[in-house]
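All of these numbers come straight from a predicted model, not from anything done at the bench.
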Amino acid sequence: MTTAPYLALRPAGVGGTPAPVGREELLGRLERVLHTRGRALLTGPAGVGKTELALAEASRAEARGETVLWLATLPSDREIPGASAAALVASVAATVAWPDLDTPRPEACGVFDELPGPQRTAIAMLCREAPLDAGGWDPIALRLGIAQILRTLTCRGPVLLVVDGVQHVDADSADLLRFALHLAPPALRVVAVETPEPYGEAKEPHRPEDPHATHLWVPSEADVLLVPPLHADEIAELLIHHRLPSRMAGRIHRASGGNPRLALAVGRSLADARTPVHHAEALTLSGRARDLARQLLGAAPLAVRETLLLAALALRPSSTLVRRAGRPNAEADLAAAERAGLVSLSEDGSVTFTAGLLPSTLVHDACWAERSAGHAALAEVVDDPVEAVRHRALATDSPDEDLAAEVAAAADLARRRGNSALAAELALLAAESTPGRHGTRRIARLVDAAEEAARAARADLAMRAATDLLARDAKPADRVRARLAVLDTAGQGLTGLDEMYVHAMEDSEGDTALRAAVQLRLAVKYVLADGDPQRSRTAAVESAALAASMGDPRTAAQALTVQARMERALGAPDAEAVLAQARALELAERPLGIRNAAQILTIRHALFDDRLTDARDELNALLPLVQRRGSVEDAIELYGTLAQIEARIGPCSAALAHAGQSLALTLEAGLSPGPAWYALALAETAGGSFARAASYARRSIQASEEEGDRVFLSRSRYALGRVQLVNGDVAAALETLRRVQADERAQSTVDPSMLRWHEELAEALIAHDAGDEGLALLDEVRPVASRLGRSTVLLGCDRAYALWLAAEGRTDEAAELLTRTAEAFGRAGLPLERGRALIALARVERRRRRRSAAQGALHAAATVFERAGAAPWLALASEAPAGAVGENPGAGSGGEEAPAALSTLTEAELRLARLVGQGASNQEAAAKLYLSVKTVEARLTRIYQKLDVRSRAQLATALRP
């Protein structure tokens, strides 16, 4: 027998495929359903990841030693009676011959040879290995033969059958397989993958009308698992997994609706187009992304697509609005589109496209006459004057001053309503509707449009307005304002915009107010993109002076705020005095937002100084105001800062919630996710999961590298290195934290309170047998921290120094210092730092052979972590036997002490030794401890040397009391 050409016997990835991105929980549900019911139907729209999920389950089944049969069907199979059943028989023949198809396994040969004659003949006819009789194959013999084949297979062990594309199974095969599965023993489990067919296609003559005709069993609610779209954060992880830019994850999520296949196509389209950061909002798509959208839309009948085009043109589409605009069958068309997964309908008839790429493709592919007619029809039926003006303007391509004035007035009304995105679109539309003979007026409207786009964070609209303006004979002041608007929408990604800054400086020559504004933007660029706080401070000082000379307190306050940030980073003693000047100006002239205001910098300084209660109180007072009237970026800043505060003092669950809100707003707004991922990494380290914290830190690193953001690149590397150190991956932590050290020194950062990498790097060095280098680093940072009054930084240095003392064998001094340090952290209101010092104390007490004192320190640490809601730290402290150096696993307070030789191991080494001693492989230990296999191998070598053992058996013996 030969296999069908479309049959994947061992699909790519089977044997080692991890859970697809965002599908860990769903994969667990699938396994539970298979365990309890033996049948599972995966359903969902095309491209959502059903096959990948089935592949992951097949991989797990193979890892357990089960036989996996994989049957992949094609649409043409429905036209061939018995095609899928024949393919299944071929799959069995090939599978039992694995790995050499020419040499069947002896124990499996009987699968076919032991079939009774009529059954064997019917199977041969099905597979065209024997000529068909005049009446065709014997249906009863064929049913029994396929059932016997599956039963024989399961007698030799569990079997997983995956049918990918069950909707394409021909009716005869469906009938045969239903019978065989009905008789199959429980050892045969089945996963069916289905993509529902839209729009009720006509049935072929040979296909019955039973809705379950092609199902292999009548599915129940318990059997069916709907594979949903991915969340925005999961789309970001998917992009990183495929080495695609993640900085536009929010926009890509909106464009794809969370469909992984669409998201990857959009990501690759943008990567191929090398879309600049300041063009990112436009999402200029082509190639595979558009083709996939056209495939989804192309399956819809023409009438449905025409109805969907009207919905795509409307700002707030609904079935009623579309019907009034000339589609009398709107409800039926939209219901059909909903069944096909193109739109979702709410109870009030509101229409939402499931993926933003769908309406943009509909509009993109429609001709001008179709778009014009649609806008004209909508203008007659919408009940909002702003929307009516918009549709009238989009329905004509002839500039008209009266219409342009109406659109400009509508933009003002939208702004007063708080709809900044619509105001930005209308402001640009007003400019583009202005006739060329009104050149001065058009330029003025283009400037307004660019600045309106900047307020709405619409980079694409700002660039369109600026490009149009710069091609005209505009005054230097207008050119500067347009360029500043583009710079203000670039977010964290300021690299690649040098030419914009150069032209802005040239055009601001002789205009003091504009020069102050340009210098302010340069001050931000110098620190974010260039990592040069010295140059940033110089530009900020000049901007503040120029603004003050022009009586512009708002610009002066912003410039002084940037100056104060740089003074703090550079360790200047007058940073707080400069910040006070900025605060005084803000009181006189209220800032437009708080993101770069002196008020929020004051709070961040309190965070750096560990005046955390004061910082949280000020933030909580600001939050209601920002929620009512602030911009999205203001809310992101507040939630992210609040998360960082709560990650240090608790409650850690609140830190997770606020970091999650910051990320959700970031992705929704389409901004760079780097800062929000950094905040979430800190929150996860405190109250979530060390593994998730490391994942978010890595994402933040990639996003910051993409943006060229030096500041958050250092911060996210610090977050990753800290987690790696806590997890015991000293080598990786050392590498990461050394990069942080290089980054911070390249940026001339002096103040050690802004990013506390010094104590972490010192601990990593000490743990890596580089104690002298660690001690030198502590000696370097202590005088700076003392001069600046950074008392809690000094406490962190004390904790690291105590570890150096312990490594040198001075355990009595180490225990005394750690006791004092833990108490001081408690008085400073830093519970997590106190608990961490107590864990270190427990390790030292173990090395001093003081079992009771070690248990007391661990118990105190666990109490501290439990009160703060620090789940991962609580788990670490609760691992007393595994985490305390020298303790015997499983022994109670009266148990025997472990051998003295174990006291030479570090905590991380002991945890690994016990895992390996209990039989874990290097790969299993690496997964358990979140380490690389290479790190596990290197650490095992050191353990063997310290304990003078040469094998795993000897290691297990050495661990026994």
Side-chain angles (χ1 to χ4, degrees), residues 232-233 236-237 239-240 245-251 277 280 457 459 488-495 524-525 527-529 531 561-562 565 569 593-597 600-601 603-604 607-608 615 619 623 626 630-648 655-686 692-720 722-723 740 743-744 747 749 754-755 757:
D233 192 35
E237 185 180 355
L239 294 171
I240 289 176
S246 62
R247 56 185 165 84
M248 291 183 288
R251 296 182 182 123
V277 175
D488 288 345
T489 60
Q492 308 296 117
L494 297 176
T495 55
V524 175
K525 184 250 187 190
V527 66
L528 278 182
T561 300
V562 176
R565 285 177 56 198
I594 61 99
R595 182 167 178 257
N596 293 311
I600 192 66
L601 184 60
I603 294 172
R604 291 198 65 80
L607 168 60
F608 298 150
L619 274 179
L623 199 53
V626 169
S631 68
V632 172
E633 289 181 303
D634 287 344
I636 291 169
E637 176 78 17
L638 255 64
Y639 283 127
T641 304
L642 193 55
Q644 293 177 51
I645 292 170
E646 289 161 339
R648 285 186 69 77
L656 285 168
H658 286 129
Q661 287 176 293
S662 176
L663 178 62
L665 290 172
T666 295
L667 294 175
E668 183 180 348
L671 301 172
S672 169
W677 276 334
Y678 166 71
L680 201 46
L682 295 184
E684 285 285 352
T685 302
R692 287 195 299 270
S695 174
Y696 282 121
R698 289 189 177 95
R699 297 186 211 177
S700 183
I701 290 170
Q702 176 162 331
S704 300
E705 287 176 334
E706 291 169 4
E707 298 284 356
D709 184 344
R710 301 284 191 88
V711 172
F712 275 94
L713 181 57
S714 288
R715 293 179 184 180
S716 47
R717 281 177 177 160
Y718 157 76
L720 176 60
R722 186 165 175 255
V723 174
V740 176
D743 291 343
E744 292 294 288
Q747 296 173 54
T749 304
M754 299 178 68
L755 196 64
W757 55 269

Leu601 versus Val562: any side-chain heavy-atom pair under 4.5 Å? no
Can you name the residues that form a side-chain hydrogen bond (donor to acceptor under 3.5 Å, both in side chains) with Tyr678, not counting sequence neighbours? none
Partners meeting salt bridge (Lys or Arg N to Asp or Glu O under 4.0 Å) with Glu744 (sequence neighbours left out): none
Which residues pass the side-chain hydrogen bond (donor to acceptor under 3.5 Å, both in side chains) test with Gln661, not counting sequence neighbours? none
Applying side-chain contact (heavy atoms from CB on, under 4.5 Å), name anything that partners Ala686, two or more places apart in sequence or on another chain. Ala647, Cys652, Leu832
For Ala232, all residues meeting side-chain contact (heavy atoms from CB on, under 4.5 Å), sequence neighbours excluded: His253, Leu667
Please enumerate all residues that pass side-chain hydrogen bond (donor to acceptor under 3.5 Å, both in side chains) together with Glu684, with sequence neighbours excluded. Arg692
Would you compute the distance between atom OG of Ser695 and atom CD1 of Ile240 and round it to the nearest 0.5 angstrom? 7.5 Å
Give, for atom CH2 of Trp757 and atom CG of Asp743, the distance between the pair rounded to the nearest 0.5 Å. 10.0 Å
Could I get the full list of side-chain contact (heavy atoms from CB on, under 4.5 Å) partners for Arg710, not counting sequence neighbours? Gln747
According to side-chain hydrogen bond (donor to acceptor under 3.5 Å, both in side chains), who are the partners of Arg565, at least two apart in sequence or on a separate chain? none
Heavy atoms, side chains only, cut-off 4.5 Å: are Thr749 and Leu755 in contact? no
Residues at least two apart in sequence or cross-chain that pass salt bridge (Lys or Arg N to Asp or Glu O under 4.0 Å) with Arg715, listed by chain then number, are none
How would you list, by chain and number, every residue that makes a ring-ring contact (aromatic ring centres under 6.0 Å, His included) with Tyr639, sequence neighbours excluded? His658
Student check: side-chain heavy atoms of Trp677 and Ile701 closer than 4.5 Å: no
